[in-house]
Participant: 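Sharing a structure with you now.
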Amino acid sequence: MNRWVDYSVMEEEINLMRGPSGLGFNNVGETNQQYVSKDSGIYVSCIKEDGAAAQDGRLQEGDKILSVNGQDLKNLLHQDAVDLFRNAGCAVSLRVQHRLPVQNGPIVHRGEGEPSGVPVAMVLPPVFALTMVAVWAFVGY
């Protein structure tokens, strides 16, 4: 079955410090070998464990990299983009585009460490039991 998925696009500036293994991600795409149909952009293909990108946590596989240290990546060949990443220095600023699936309800932003909510299936049985006890007590007296 072919299903359409709606996405919203969010841009973010991510600053990484180059580590012993570089920036800690691989990229794909270019003008001659498009990763996404009709888009010659550069995309993150793999986040390396314990690399700078993994430790930061914001860069994700599938993100589109728009610029490196302010230099636009539009219409670059893959090797030119790789060279740009390699020569970017220790402190690297990435302008990234995330594609986020659209939710059916409102988007709720939670702070770090806040609970994500309790499933309804865990709440209903105790509420039902308390209701039954209250009804039994009311009817019994």
Participant: Looking only at heavy atoms, what is the nearest atom pair of G41 and K64, with distance?
Facilitator: CA-CE, 3.8 Å
Participant: Any side-chain to backbone donor/acceptor pair from R99 onto D63? Under 3.5 Å, distance only.
Facilitator: no
Participant: Honestly curious: do V82 and V68 fall in one hydrophobic cluster under the side-chain, below-4.5 Å linking rule?
Facilitator: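 No, it is not one cluster - the side chains of V82 and V68 are not joined through contacts under 4.5 Å.
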Participant: Measuring from atom CG of L84 to atom CG of D72, what distance do you get when rounded to the nearest 0.5 angstrom?
Facilitator: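 CG of D72 is found 10.0 Å from CG of L84.
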Participant: When rounded to the nearest 0.5 angstrom, what distance separates CZ in F85 from CD1 in I65?
Facilitator: 3.5 Å
Participant: Nearest 0.5 angstrom please: Q55 CD to L16 CG, how far?
Facilitator: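 Going from the CD atom of Q55 to the CG atom of L16 covers 10.0 Å.
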Participant: For R95, give me all partners under side-chain contact (heavy atoms from CB on, under 4.5 Å), at least two apart in sequence or on another chain.
Facilitator: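 Expected list: E11, E13, L66, S67.
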Participant: Please check if any side-chain donor atom of N69 sits under 3.5 Å from a side-chain acceptor atom of S93, or the reverse.
Facilitator: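 No donor-acceptor contact under 3.5 Å links the two side chains.
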Participant: Looking only at heavy atoms, what is the nearest atom pair of R58 and H98, with distance?
Facilitator: O-CE1, 3.4 Å
Participant: Any idea which heavy atoms bring G51 and S21 closest together, and the distance?
Facilitator: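 Scanning both residues, the minimum pair turns out to be CA-OG, 4.1 Å.
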Participant: Starting at CG of D56, measure out to CG of L23 and round the result to the nearest 0.5 Å.
Facilitator: 11.0 Å
Participant: Is there side-chain contact between N27 and V44, with heavy atoms separated by less than 4.5 Å?
Facilitator: no
Participant: Could you please spell out the steps behind the side chain to side chain donor-acceptor pair (under 3.5 Å) verdict for S45 and N26?
Facilitator: CA-CA 5 Å; S45 63; N26 293 339; 4.9 Å; no
Participant: Looking only at heavy atoms, which two atoms of G22 and A52 are closest? And how far apart?
Facilitator: O-CB, 4.1 Å
Participant: Can you tell me how far the CG atom of L59 sits from the CD atom of E12, to the nearest 0.5 Å?
Facilitator: 9.0 Å
Participant: Indicate the atoms forming the closest heavy-atom contact of A53 with F25, along with that distance.
Facilitator: CB-CD2, 4.1 Å
Participant: Say whether, by atom type as modelled, one donor and one acceptor occur between the side chain of Q60 and the main chain of G57 under 3.5 angstrom.
Facilitator: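 Answer holds: yes.
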Participant: Counting only heavy atoms from other residues, nucleotides and ligands, does the tally under 6.0 Å from CD of E61 exceed 12?
Facilitator: yes
